[in-house]
Q: 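Mind looking over this structure? Questions follow.
When a residue number appears, it is its place in the shown sequence, counting from 1.
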Amino acid sequence: MAEIKIRLVKSLIGCKKDQIATARSLGLRKIGNETVQPDNAQTQGKINKIVHLVEVSKG
């Protein structure tokens with residue numbers, strides 16, 4: 001299965017509670033944190049919710 005790398009590039013301060021919860025569910029806590037997740041519909045939905053806070057790249 002394909003994987004994607006997700007990096008938090010903007011602060012979660014001032015974000016809505018559901019956006020913060022989405023970032024935490026992806027394993028992103030601080031600016032610069034990076035995680036590798038499977039490229040599936042569930043992950044894509046989470047990314048779409050916080051697209052303005054993250055940077056996404058392949059594998």
Side-chain angles (χ1 to χ4, degrees):
M1 180 177 275
E3 292 185 334
I4 51 178
K5 220 187 279 190
I6 308 164
R7 178 188 303 220
L8 189 64
V9 293
K10 288 196 173 181
S11 175
L12 296 173
I13 296 173
C15 291
K16 296 178 182 177
K17 288 183 181 182
D18 61 335
Q19 292 173 334
I20 294 170
T22 301
R24 298 272 167 105
S25 72
L26 287 169
L28 304 170
R29 306 233 186 281
K30 295 181 183 179
I31 295 175
N33 279 154
E34 205 172 90
T35 183
V36 177
Q37 298 287 330
D39 189 7
N40 57 28
Q42 184 179 17
T43 305
Q44 290 296 331
K46 290 178 182 182
I47 291 170
N48 286 338
K49 191 164 189 91
I50 59 170
V51 70
H52 59 289
L53 301 173
V54 296
E55 184 179 89
V56 181
S57 61
K58 291 285 179 185

Q: If you take all heavy atoms of Ala23 and Leu12, which pair is closest and at what distance?
A: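 Here Ala23 and Leu12 meet closest at CB-CD2, 3.8 Å.
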Q: Which atom names give the shortest non-hydrogen contact between Cys15 and Ser11, and what distance separates them?
A: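 That closest heavy-atom pairing would be SG-O, 3.8 Å.
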Q: Using every non-hydrogen atom in the two residues, find where Thr35 and Leu26 come nearest and quote the distance to one decimal.
A: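 Heavy-atom minimum between the residues: CG2-O, 3.2 Å.
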Q: If you look at every heavy atom in Glu3 and Val36, which pair is closest and at what distance?
A: OE1-CG1, 3.3 Å
Q: Rounded to the nearest 0.5 Å, what separation is found between the CG atom of Leu28 and the CD1 atom of Ile20?
A: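 Output value for this atom pair is 12.5 Å.
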Q: Let me confirm one number: the CD1-CG distance from Ile4 to Asn40, rounded to the nearest 0.5 Å.
A: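 Ile4 CD1 to Asn40 CG: 8.0 Å, rounded to 0.5 Å.
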Q: With rounding to the nearest 0.5 angstrom, report the CD1 to CD distance, Ile6 to Glu55.
A: 11.5 Å
Q: Linking directly or through intermediates, with side-chain heavy atoms under 4.5 Å: list the remaining ILVMFWY members grouped with Ile13, chain and number order.
A: none
Q: Apply side-chain contact (heavy atoms from CB on, under 4.5 Å) to Asp39 and Gln44, showing your working.
A: CA-CA 7 Å; Asp39 189 7; Gln44 290 296 331; 2.6 Å; yes
Q: Among Lys46, Arg24, Lys49, exactly one meets salt bridge (Lys or Arg N to Asp or Glu O under 4.0 Å) together with Asp18. Which residue is that?
A: Lys49
Q: Using the side-chain contact (heavy atoms from CB on, under 4.5 Å) rule, take Lys10 and His52 through it: C-alpha gap first, then chi angles, then the decisive distance, then the call.
A: CA-CA 8 Å; Lys10 288 196 173 181; His52 59 289; 5.9 Å; no
Q: Do you reckon Val56 sits in the same ILVMFWY cluster as Leu53, going by side-chain contacts under 4.5 Å, direct or chained?
A: yes
